[in-house]
K.L.:
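Have a look at this one before I ask anything.
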Protein chains: 2
Amino acid sequence: MGARDLAAFAALFADESRATMLLALLDGRAWTAGELARHARVAPSTATGHLGRLVAGGVLTEERQGRHRYVRLAGPAVAQLVEELAGLAGPGPDEAPRSLAAASAGRAMARGRTCYDHLAGRLGITVTDALTTRGLLRQDTGFALTDRGLEWFADLGIALVPKGRRPLARGCLDWTERRPHLAGRAGAALCAHALEAGWCVRIGSGRAVKVTPAGETALRHVLGIEADALR
Amino acid sequence: MGARDLAAFAALFADESRATMLLALLDGRAWTAGELARHARVAPSTATGHLGRLVAGGVLTEERQGRHRYVRLAGPAVAQLVEELAGLAGPGPDEAPRSLAAASAGRAMARGRTCYDHLAGRLGITVTDALTTRGLLRQDTGFALTDRGLEWFADLGIALVPKGRRPLARGCLDWTERRPHLAGRAGAALCAHALEAGWCVRIGSGRAVKVTPAGETALRHVLGIEADALR
DNA sequence: CGCACCTTTCGGCACGGCCCGAAACGTCGG
DNA sequence: CCGACGTTTCGGGCCGTGCCGAAAGGTGCG
């Protein structure tokens with residue numbers, strides 16, 4: 001009877017405080033227990049309990065450094081699950097954005113953000129579409145890079161060697177655009193490259209990113225993306 | 001703040017009785033409220049409450065026929081989520097099978113079963129591997145059918161027309177084999193064909209299936225699968 | 001029409017969880 | 001060595017929710 005295990009595992013996500021923490025951790029970085037407690041607006045002692053359960057359940061991994069307790073998502077599979085839950089949770093009645101500040105933050109997130117370790121939002125969709133129309137990515141029969149796509153990554157200095165069980169390319173449902181964007185090893189490598197090469201930078205401390213002028217030039221050059229498409 | 005929605009949605013899966021029902025519904029068929037109540041070993045009144053919540057949350061769809069209330073999973077996305085939860089729930093310490101009967105049922109399920117609407121277990125893995133080694137399915141750069149793969153389906157009398165948002169091919173993590181098997185529209189079409197053509201039949205009322213002698217012949221003929229590989 | 005059968009509504013009970021504050025523990029820096 | 005800070009443990013209060021039984025709708029069949 002795996003039902004008991006399934007229920008216990010799902011219960012880890014079935015609390016608003018833990019969900020707030022997990023959504024924050026979707027940026028792929030390690031947070032301290034105190035940061036997560038303040039972010040979720042609960043007492044430190046409460047956060048300790050939550051983090052303990054999430055670590056025990058295999059959702060998070062922890063790393064102790066001195067008096068700090070750093071936690072991060074346990075891996076891509078967990079990140080994918082959180083994204084899927086977030087994507088399926090909404091689709092009921094259309095909801096109006098809460099406040100003006102939330103709407104503004106929402107627009108920045110909708111323009112571009114990281115989704116664990118790859119690009120999402122309008123930016124992620126635009127890049128994925130450009131890869132597809134240029135014959136570097138196939139979406140008609142599944143979701144996979146073409147041989148020309150492998151060359152394109154190699155030209156960027158990114159060697160995509162199969163390692164571990166993570167697929168090279170995978171479609172990740174974008175819940176602001178309602179369409180899939182590139183995830184998997186290729187999506188992670190491309191996002192890392194974009195951040196390192198200065199194509200885009202993080203806004204504040206959240207998951208939102210914005211494309212730099214240099215990034216606009218580079219995207220037009222390597223993928224034929226016009227700056228207008230990113231606004 | 002989508003955290004509240006995420007938590008409320010996850011809570012739908014965070015109960016053993018509901019999880020038992022959802023796992024049963026993974027066979028893709030419609031069940032009546034009474035059947036699910038008996039299967040989960042709860043009173044009919046309790047089942048009514050659970051089903052009401054699952055339907056309201058968009059996890060199930062219902063269809064009333066006379067004095068019966070038929071429910072089924074709301075769609076492939078929900079099925080995928082349940083499978084993912086089930087797959088990630090276990091991987092802690094290795095667990096020994098409970099009883100002999102459970103072990104026997106487990107072996108039948110491990111040999112072959114349906115996973116919502118496609119084939120899983122050793123049967124699903126074997127078919128997926130055969131498709132891959134024959135160049136009909138690519139897994140190295142993602143998970144997609146090749147052009148030759150499309151022809152192979154057409155030769156079987158299966159026209160794979162893109163319709164809706166469901167991808168043609170998708171990898172679904174098999175939690176008995178720990179490897180992906182073919183899901184998506186192609187996986188569903190192949191499973192339906194296998195059942196219609198008598199390649200395999202359902203065992204009892206569950207999700208387990210077994211390959212018929214005619215099925216062994218057919219699989220050897222169209223995919224070069226030897227019967228030994230299915231045992 | 002009346003009797004099964006499936007399903008639903010309603011009260012009431014019990015268990016488990018989430019939360020906090022106070023106090024203790026451990027680490028870092030002066 | 002002492003104070004500041006991050007984290008943890010413990011106890012207690014509170015709310016949500018799962019469960020059932022009894023009774024009431026509805027539906028179909030004889």
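Only a predicted model underlies this, so the values are computations on that prediction, with no experimental measurement involved. Letters A, B, ... mirror the listed sequences (proteins, then strands); counts begin at 1.
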K.L.:
Check the pair A:M109 / A:R207 against side chain to side chain contact (heavy atoms under 4.5 Å, CB included), numbers first and verdict last.
P.N.:
CA-CA 7 Å; A:M109 292 278 280; A:R207 297 163 52 195; 4.3 Å; yes
K.L.:
Output the rounded distance in Å from CG (A:L54) to P (C:dC18).
P.N.:
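That distance rounds to 10 Å.
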K.L.:
When the ring planes of B:Y70 and B:H68 are compared, do they come out parallel, tilted or perpendicular, using 30° and 60° as the limits?
P.N.:
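Rings of B:Y70 and B:H68: tilted, 30 to 60°.
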K.L.:
Parallel, tilted or perpendicular: which describes the rings of A:H181 and A:H118, with under 30° parallel and over 60° perpendicular?
P.N.:
tilted
K.L.:
Quickly work out the B:W31 CH2 to C:dT7 C1' distance and round it to whole Å.
P.N.:
18 Å
K.L.:
State, to 0.1 Å, how close A:A7 and B:D15 come at their nearest heavy-atom pair, and which atoms those are.
P.N.:
CB-C, 3.5 Å
K.L.:
With a 4.0 Å cutoff (strictly under), does any side-chain N or O of A:H50 reach OP1 or OP2 of C:dC19?
P.N.:
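Looking at the OP1 and OP2 atoms of C:dC19, one of them is under 4.0 Å from a side-chain N or O of A:H50.
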K.L.:
Let me have the donor-acceptor pairs involving side chains of residues 42-55 of chain A, under 3.5 Å, with sequence neighbours excluded, atom names and distances please.
P.N.:
residue: A:T48; atom: OG1; partner: A:P44; partner atom: O; Å: 3.2
residue: A:H50; atom: ND1; partner: A:R18; partner atom: NH1; Å: 3.0

K.L.:
Tell me: CG of A:D15 to P of D:dC15, nearest whole Å?
P.N.:
17 Å
K.L.:
Closer to the 5' end of DNA chain C via nearest nucleotide, is it A:V42 or B:R38?
P.N.:
B:R38
K.L.:
In Å and rounded to the nearest 0.5 Å, what is the CG to CG distance from B:L85 to A:D5?
P.N.:
12.0 Å
K.L.:
Which atom pairs link the protein and nucleotides 26-29 of chain D when you take only N or O atoms and keep those under 3.5 Å?
P.N.:
residue: D:dT27; atom: O2; partner: B:R67; partner atom: NH1; Å: 3.3

K.L.:
Residues two or more places apart in sequence or in another chain: which of them pass salt bridge (charged side-chain N to carboxylate O under 4.0 Å, His left out) with A:D117?
P.N.:
A:R166
K.L.:
Let me test you: for the helix from C:dC1-D:dG30 to C:dG30-D:dC1, what is the angle between the axes at its two ends (five pairs each), rounded to 10 degrees?
P.N.:
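Roughly 30° between the end axes, to the nearest 10°.
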K.L.:
With a distance cut-off below 6.0 Å to the six-membered ring centre and an angular limit of 45° from the axis, does A:R113 pair with A:W175 as a cation-pi contact?
P.N.:
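Satisfied, under 6.0 Å and within 45°.
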K.L.:
Scan nucleotides 21-23 of chain D against the protein and return all N/O pairs shorter than 3.5 Å with their distances rounded to 0.1 Å.
P.N.:
residue: D:dG21; atom: O6; partner: B:S45; partner atom: OG; Å: 3.0

K.L.:
Is it the case that A:T114 and A:R202 place a side-chain donor and acceptor less than 3.5 Å from each other?
P.N.:
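A:T114 vs A:R202: donor-acceptor pair found between side chains.
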K.L.:
Can you name the salt bridge (charged side-chain N to carboxylate O under 4.0 Å, His left out) partners of A:R69, sequence neighbours left out?
P.N.:
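Per chain and number, A:R69 pairs via salt bridge (charged side-chain N to carboxylate O under 4.0 Å, His left out) with A:E62.
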K.L.:
Counting only side-chain nitrogens and oxygens, does B:R64 get under 4.0 Å of the OP1 or OP2 atom of C:dT8?
P.N.:
yes
K.L.:
Distance check, rounded to the nearest 0.5 Å: B:E177 atom CD versus B:R122 atom CZ?
P.N.:
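Answer rounded to 0.5 Å: 5.0 Å.
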K.L.:
Can you tell me how far C1' of D:dC19 sits from CZ of B:R18, to the nearest Å?
P.N.:
12 Å
K.L.:
Counting side-chain heavy atoms from C-beta on, which of C:dT8, D:dG6, D:dC19 comes nearest to A:H68?
P.N.:
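Of the candidates, D:dG6 comes closest.
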K.L.:
For a quick test of reading the model: is some side-chain N or O of B:R69 closer than 4.0 Å to OP1 or OP2 of C:dC6?
P.N.:
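Indeed not, no polar side-chain atom of B:R69 lies that close.
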K.L.:
With side chain to side chain contact (heavy atoms under 4.5 Å, CB included) as the criterion, how do A:V78 and A:L60 come out once you've worked through the C-alpha distance, each side chain's angles and the decisive distance to 0.1 Å?
P.N.:
CA-CA 9 Å; A:V78 174; A:L60 301 182; over 6 Å; no
K.L.:
Could you state the NE2-P distance from A:H39 to D:dG6, rounded to the nearest angstrom?
P.N.:
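Rounding to the nearest Å, NE2 of A:H39 and P of D:dG6 are 18 Å apart.
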K.L.:
Do the side-chain N or O atoms of B:S17 get closer than 4.0 angstrom to the phosphate oxygens (OP1, OP2) of D:dG18?
P.N.:
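Result: no.
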K.L.:
Measure CZ/A:R41 against C1'/C:dC18 and give the value in whole Å, please.
P.N.:
18 Å
K.L.:
I need the CZ-C1' distance between B:R53 and D:dG18, as an integer number of Å.
P.N.:
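Between C1' of D:dG18 and CZ of B:R53: 9 Å.
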K.L.:
Just the rounded figure in Å: distance from P of C:dG17 to CD of A:E16.
P.N.:
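Nearest whole value for this atom pair: 18 Å.
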